[in-house]
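Below: one structure, written as structure tokens.
Quick caveat: nothing in here was measured; it's all calculated off a predicted structure. Below, read A as the first sequence line, B as the second, and so on, with proteins coming before strands; counting in each chain starts at 1. These values consider heavy atoms only, across backbone and side chains, with no hydrogens, waters or symmetry-generated copies.
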Protein chains: 2
Amino acid sequence: MLFRVDPASPQPLGDQIAASVRRAIAEGKVTPGERLPSARSLADSLGVNLHTVLRGYQRLREEGLIELRRGRGAVVVDDTSARGRASLMLRVRELVDQARELGLTEEEVVGLVREGLA
Amino acid sequence: MLFRVDPASPQPLGDQIAASVRRAIAEGKVTPGERLPSARSLADSLGVNLHTVLRGYQRLREEGLIELRRGRGAVVVDDTSARGRASLMLRVRELVDQARELGLTEEEVVGLVREGLA
DNA sequence: TCCTTGTTCGCATAGTAGTAGAACAACACG
DNA sequence: CGTGTTGTTCTACTACTATGCGAACAAGGA
């Protein structure tokens with residue numbers, strides 16, 4: 001199963017689906033031009049509603065990552081794989097540098113991040 | 001007015017208040033030992049409810065940035081690292097938000113940070 | 001003591017997410 | 001061409017969260 005979802009998470013299911021697809025694109029697991037599973041089938045396999053999947057897909061369309069057309073489904077349009085990751089790594093590096101300046105130990109940094117993730 | 005809030009934003013008011021105080025601490029606009037406005041007065045001046053402000057304050061206490069005591073109010077932790085930590089918490093929060101949008105799991109985020117620390 | 005301030009209740013309201021079902025319109029494909 | 005697939009749109013309902021509101025309470029300061 002390519003996409004996953006956690007109903008217990010406070011993050012909305014539609015957002016989780018969008019994030020899951022974003023990640024798949026970023027990691028190259030789905031390539032430009034490739035078709036994503038239809039909203040109905042994905043909704044079925046995830047155990048969520050059709051509209052929920054569509055909400056996620058439409059969000060990705062607004063971001064310019066996929067195209068949606070009736071009868072054809074959702075297709076990846078752009079290869080922006082490295083962009084998101086690069087900007088994320090930049091933030092990680094800023095965070096680490098600043099934490100070092102403050103004299104935090106590695107585990108303290110990890111602890112802060114875990115706290116932020118909670 | 002030191003703190004502001006946007007009722008039209010999708011971000012919860014309590015979170016906005018916490019972020020606003022975090023920024024003020026990080027930028028040195030409020031210094032360690034300084035008293036923040038009382039929850040009641042801040043709620044009044046922001047036009048929000050007392051509980052909403054308290055929720056933001058309590059979040060900051062969980063992060064170790066302020067202390068809350070009855071009769072005395074909210075005081076910025078008398079620790080020279082408070083400011084740095086506030087700024088660090090901002091970075092952590094930004095990082096976590098972006099990582100979530102990319103669909104990374106918690107352990108992947110922690111892994112990236114560990115990688116950055118190495 | 002009196003006043004301030006955070007803490008903790010309970011409850012009401014508004015907005016959002018998710019579910020559900022149905023009909024419809026564009027597209028692919030044999 | 002016709003048929004099935006797929007996204008689009010609509011309405012309605014439930015559940016949950018954020019916020020608001022009021023009240024009483026507890027700890028602390030002046």
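Put simply, L117(B) and L88(B) are part of the same group of oily side chains (I, L, V, M, F, W, Y) that touch within less than 4.5 Å, one to the next. Linking ILVMFWY residues whenever their side-chain heavy atoms come closer than 4.5 Å, directly or via other members, leaves L60(B) and L90(B) in distinct clusters. Residues L65(A) and L68(A) share a single hydrophobic cluster, defined by chaining ILVMFWY side chains whose heavy atoms lie under 4.5 Å apart.
For the atom pair CZ (R40(B)) and CG (N49(B)), the distance works out to 10.5 Å, reported to the nearest 0.5 Å. Within the model, atoms CG of L42(B) and OH of Y57(B) stand 4.5 Å from one another, a figure rounded to the nearest 0.5 Å.
Taking both residues in full, the closest heavy atoms of L46(B) and F3(B) are given as CD2-O, 3.4 Å, listed atom of the first, atom of the second, then distance.
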Seminar exercise, completed: Protein heavy-atom contacts under 4.0 Å, written 5' to 3' over nucleotides 20-26 of chain C as B (base), S (sugar-phosphate only) or - (none), form the string BB-B-BB

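Distances shown here put a side-chain N or O of T52(A) below 4.0 Å from the OP1 or OP2 atom of dT19(C). Distances shorter than 4.0 Å separate none of the side-chain N or O atoms of Q11(A) from OP1 or OP2 on dA17(C).
Side-chain atoms of E108(B) come within 3.5 Å of backbone N or O of T105(B) as a donor-acceptor pair.
We find that CZ of R55(B) is positioned 13 Å from P of dT7(C), with the value rounded to whole Å. Atom CG in L68(A) sits roughly 13 Å away from atom C1' in dC27(C) (whole-Å rounding). Taking atom CZ on R69(A) and atom C1' on dC29(C), their separation rounds to 17 Å, with Å as the unit. We find that CD of Q58(B) is positioned 8 Å from C1' of dT7(C), with the value rounded to whole Å. Atom-to-atom, CG of L46(A) to C1' of dT19(C) comes out at 15 Å; the value is rounded to the nearest Å. Look at CD on E67(B): it is 12 Å from P on dT7(C), rounded to the nearest Å.
For DNA chain D, the contact window with chain A, defined by any atom under 4.0 Å from a protein heavy atom, covers dT5(D) to dC10(D) in 5' to 3' order.
Side-chain N/O atoms of Q98(B) and R91(A) include a donor and acceptor closer than 3.5 Å.
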For this session: Take E34(A) and K29(A), measure what salt bridge (Lys or Arg N to Asp or Glu O under 4.0 Å) needs, and give me the verdict at the end.
Result: CA-CA 10 Å; E34(A) 189 175 341; K29(A) 289 184 177 173; over 6 Å; no

